[in-house]
Amino acid sequence: MTDACVRVALPLPLATDYTYGVPEPLRDAVAVGMRAVVPVRERELIGIVTAVGVERPAMRLRDVLALPDTEPLLDACHLELARWLSSYYGTPLGLALRAALPAGMWGASQVRLVLADEARADGAVAQSIVAWLAERGGAGLVSSLKRHLGREVWAAVHRLAERGAISLTVEPPDTRAARVTQKLAVLGEHVPSLLEREALFRRSPRQREVLELLEALGGSVPLTVLREQHRVSDAVLRGLRQRGLVHVEEGERDRDPFAGRAGTPPPETPTPAQQAAIDAIGQLRAGQGALLYGVTGSGKTFVYLEAVRRVLAEGRGAIVLVPEIALTPQTVRRFRGVFGDDIAVLHSGLSDGERADAWRRIRRGERRVVVGARSAIFAPVPALGLLVLDEEHESSYKNGEAPRYHAREVAFVRARLEGAAVVLGSATPALETMERVGHDLALLRLEARIGARPMPPVELVDLRAHPLVQGMRPVPWSDALDAAVETVLDRGEQALLLLNRRGFAAFLQCSKCAAVCGCPSCSISLTVHRAPAGLRCHYCGHQEPVPAACPQCGGSVQAERGIGTQQLEQAVAARYPRARIARMDLDTTGERWAHERILETVERGEMDLLIGTQMIAKGLDFPNVTLVGVVDADTGLHLPDFRASERTFQLLAQVAGRAGRGPKGGRVIVQTRSPKHHALACAAGHDTDAFLATEREQRRVPAYPPFVAIANVLLSGPEEVAVADAGTRVADWCARLVAAKRLTLAVLGPAPCPLARLKERWRWHVVVKGPSREVGAFVRYASRRLPKLSGDVRVVVDRDPVSLL
Ligand code: ADP
Ligand code: ZN
């Protein structure tokens with residue numbers, strides 16, 4: 001028998017696929033692209049069949065146990081895409097496939113046996129199986145059966161199935177929608193002012209803390225979350241309820257904010273510039289791409305909508321990627337407004353089962369437009385015609401685990417494989433993207449904002465020279481920003497205040513010995529938080545109470561240094577008592593739809609000032625926002641990373657684009673200590689071209705992308721010396737490999753990473769730079785052949801890293 005074997009890729013870090021035999025009853029059914037349940041050591045796992053009719057090797061083989069699908073889940077293009085991922089990023093095929101299929105399609109499936117009406121069994125094992133099933137009303141899971149019989153049952157199961165005594169079905173993964181109701185604590189109508197709070201809570205500071213926590217969390221929080229995560233006692237809640245400040249109601253958990261919601265209707269007619277872009281996109285040939293380079297507010301979304309509409313009219317489908325669904329509810333609503341129920345929104349609130357269901361609906365062609373974040377790039381849209389990446393420069397398009405793919409790169413490959421077109425959109429394109437213009441990207445520009453609204457003027461305020469409001473200290477608050485906020489409040493308009501550091505203070509420092517409280521697991525200082533109070537690590541989540549005295553010298557005075565959004569909120573609330581204030585950062589949005597709720601209050605005009613981290617810079621369109629204040633533009637400027645300037649410029653341009661989107665116009669005030677830096681100077685002039693040109697020159701020497709490609713070989717382990725040694729070994733190995741293969745790559749390091757320790761692991765890296773093709777060859781070779789490292793040292797090879805921190 002030569003043709004009875006299959007190759008199966010497993011979602012494990014294995015270098016190759018495994019070969020399995022196929023039992024007679026499954027032989028006709030098996031096909032490439034199907035899932036197969038196979039034995040791996042003591043477990044049963046789901047893998048993907050990558051080849052059939054494979055010659056039987058000369059060793060003893062185990063058999064495929066079951067085939068859950070009646071037809072392949074993955075078509076040839078998808079499989080080809082996974083092969084490309086595997087080869088480009090140096091990742092085993094099984095891991096690439098795991099990224100390309102929803103999680104619910106992997107581990108959770110179970111094989112169920114159903115007894116036929118007239119089942120006869122010969123042999124002891126078969127008889128016990130039939131008896132066991134009969135006892136259970138005729139059906140049961142193989143996993144329970146194995147536990148019951150305490151032995152291998154598959155051979156007997158297959159024999160029974162062959163004779164029609166039982167049938168095998170594969171339980172789909174958990175598809176129960178997560179629509180359970182639960183009790184929520186909800187803020188009352190009356191929002192006490194700061195003065196009222198002082199009076200109300202003099203004797204009950206904990207009640208005030210909890211009230212402010214509820215405000216920070218978006219106004220409605222499950223009781224279980226308050227009790228378990230924030231240790232709120234029932235007595236405190238009772239107090240707040242008795243005062244009418246909080247009430248408890250039943251609410252739906254994980255309500256999908258997009259389901260059943262009316263969409264936003266589109267504008268009637270495109271502007272001439274939009275029309276030109278729509279036409280150019282319509283003319284793209286299969287596999288080609290366009291960069292839609294247009295300032296914020298220039299109407300890029302409408303161009304995407306029209307481009308998708310054309311593709312649908314041709315009977316094809318489209319995928320639209322946004323950096324983060326929760327932060328771009330307005331974009332989702334616009335798509336819903338045009339495509340209604342033809343659209344599938346793949347958002348992070350879906351359970352594994354719901355995601356798998358959505359995936360099947362897309363594959364059956366019941367939803368032809370998919371909107372989602374990074375992983376939606378793999379959505380199985382039949383007859384794919386168009387791939388759109390909005391805000392293509394965003395680093396969230398890069399996957400943080402193997403395969404470390406970038407959705408933009410995947411989009412180009414997928415477009416080539418399936419004959420689709422790619423549209424990238426941005427007001428601040430990545431340098432790598434600009435480098436492609438003229439090769440595989442056509443450049444389409446939208447120079448002006450819709451309605452000829454001017455870009456808001458951006459004023460740089462030099463914090464070293466400008467008079468500051470003393471009462472706001474230590475928050476740097478210039479007279480200029482102060483006056484602008486007062487004007488906004490006088491006029492009943494709205495302002496966004498950006499500070500890209502959450503928490504209360506950046507760190508706690510002893511005034512006597514200058515020791516800084518650091519995370520025990522990471523080489524980073526702990527951030528001071530107020531609601532709830534404590535020190536927290538923003539990398540690993542470690543929490544501890546604020547120490548009463550310096551852990552080093554016992555000194556009693558500890559100063560909070562560097563401000564965070566919590567402190568900004570407090571200072572702003574004290575300075576502008578009449579303002580209604582909301583805050584949006586990772587701490588306030590822990591609950592799934594908190595973003596949505598906070599943004600809705602701003603949209604309905606219930607908030608005057610929205611304070612937040614970079615989260616508030618994303619694609620929001622609030623016409624009543626007439627002021628954007630950047631409290632400290634330098635928070636990311638001096639990070640030891642080659643993208644620090646680019647990220648700072650992008651953030652400033654994005655957040656500045658939130659101002660003046662309505663007829664009232666707007667202005668932007670940026671506080672900085674580096675007004676001459678090109679990221680700031682160019683942002684002030686709205687001059688993205690100048691920024692790109694200057695930044696590009698700075699990437700020549702030392703060479704960084706787009707002039708070279710990079711692979712980052714990252715080593716980590718619990719022991720510092722072992723990691724450093726491994727660094728030296730790996731760097732030597734890389735250098736020898738480069739010499740042996742006559743590559744022109746530069747090998748830099750080993751060196752400790754700027755983030756030298758993370759989650760109890762020391763980190764070193766070796767950076768390999770050079771032409772992309774050579775980096776690719778290096779990555780493929782290194783991911784298979786890197787020397788075995790001792791001392792629990794892990795190695796990760798990251799091609800095209802988004803940062804080197
Ligand atoms: P961008 O995505 O480039 O930042 P948007 O697509 O959000 O810009 O458009 C900015 C605003 O202009 C939105 O409120 C949008 O509804 C409006 N708009 C876009 N195109 C048109 C048009 N052709 N006519 C009228 N209004 C438009
Ligand atoms: Zn930590």
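Every value quoted in this text rests on a predicted model; they were computed, and no experiment measured them.
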Checking [Y] against [X]: is there a side-chain donor and acceptor pair closer than 3.5 Å?
X	Y	result
R408	T433	yes
T694	H678	no
Y405	D800	no
Q654	Q614	no

Heavy-atom distance under 4.5 Å between the side chains of [X] and [Y], does that happen here?
X	Y	result
V410	W84	yes
I377	L387	yes
P403	R98	no
C682	T688	no
V625	L610	no

Walk me through it: do V370 and F335 pass the test side-chain contact (heavy atoms from CB on, under 4.5 Å)?
CA-CA 10 Å; V370 175; F335 273 87; over 6 Å; no
Taking the inter-plane angle between the rings of F691 and F649 on a 0 to 90° scale, is it parallel (under 30°), tilted (30 to 60°) or perpendicular (over 60°)?
parallel
Any idea how H406 and Y397 line up, ring-wise: parallel (<30°), tilted (30 to 60°), or perpendicular (>60°)?
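Tilted: the ring planes of H406 and Y397 meet at 30° to 60°.
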Has E418 got a side-chain atom pairing as donor or acceptor with A383's backbone, closer than 3.5 angstrom?
no
Residues in side-chain contact (heavy atoms from CB on, under 4.5 Å) contact with A427, at least two apart in sequence or another chain:
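Here the qualifying residues are T296, K300.
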Of all residues at least two apart in sequence or in a different chain, which pass the side-chain contact (heavy atoms from CB on, under 4.5 Å) check with R368?
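Testing R368 for side-chain contact (heavy atoms from CB on, under 4.5 Å), a comparison that skips the adjacent residues, returns L312, D342.
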Using a strict cut-off of less than 4.0 Å between a Lys/Arg side-chain nitrogen and an Asp/Glu carboxylate oxygen, indicate whether R333 and E603 qualify as a salt bridge.
yes
Check this for me, if you would: do R445 and D689 make a salt bridge, where the nitrogen-to-carboxylate-oxygen distance has to be below 4.0 angstrom?
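Yes, this pair counts.
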Name the residue from R436, R414, R416, R374 that meets the salt bridge (Lys or Arg N to Asp or Glu O under 4.0 Å) definition with E409.
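It is R436; the other options fail the test.
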Residues that K769 engages under side-chain hydrogen bond (donor to acceptor under 3.5 Å, both in side chains), provided they are two or more places apart:
none
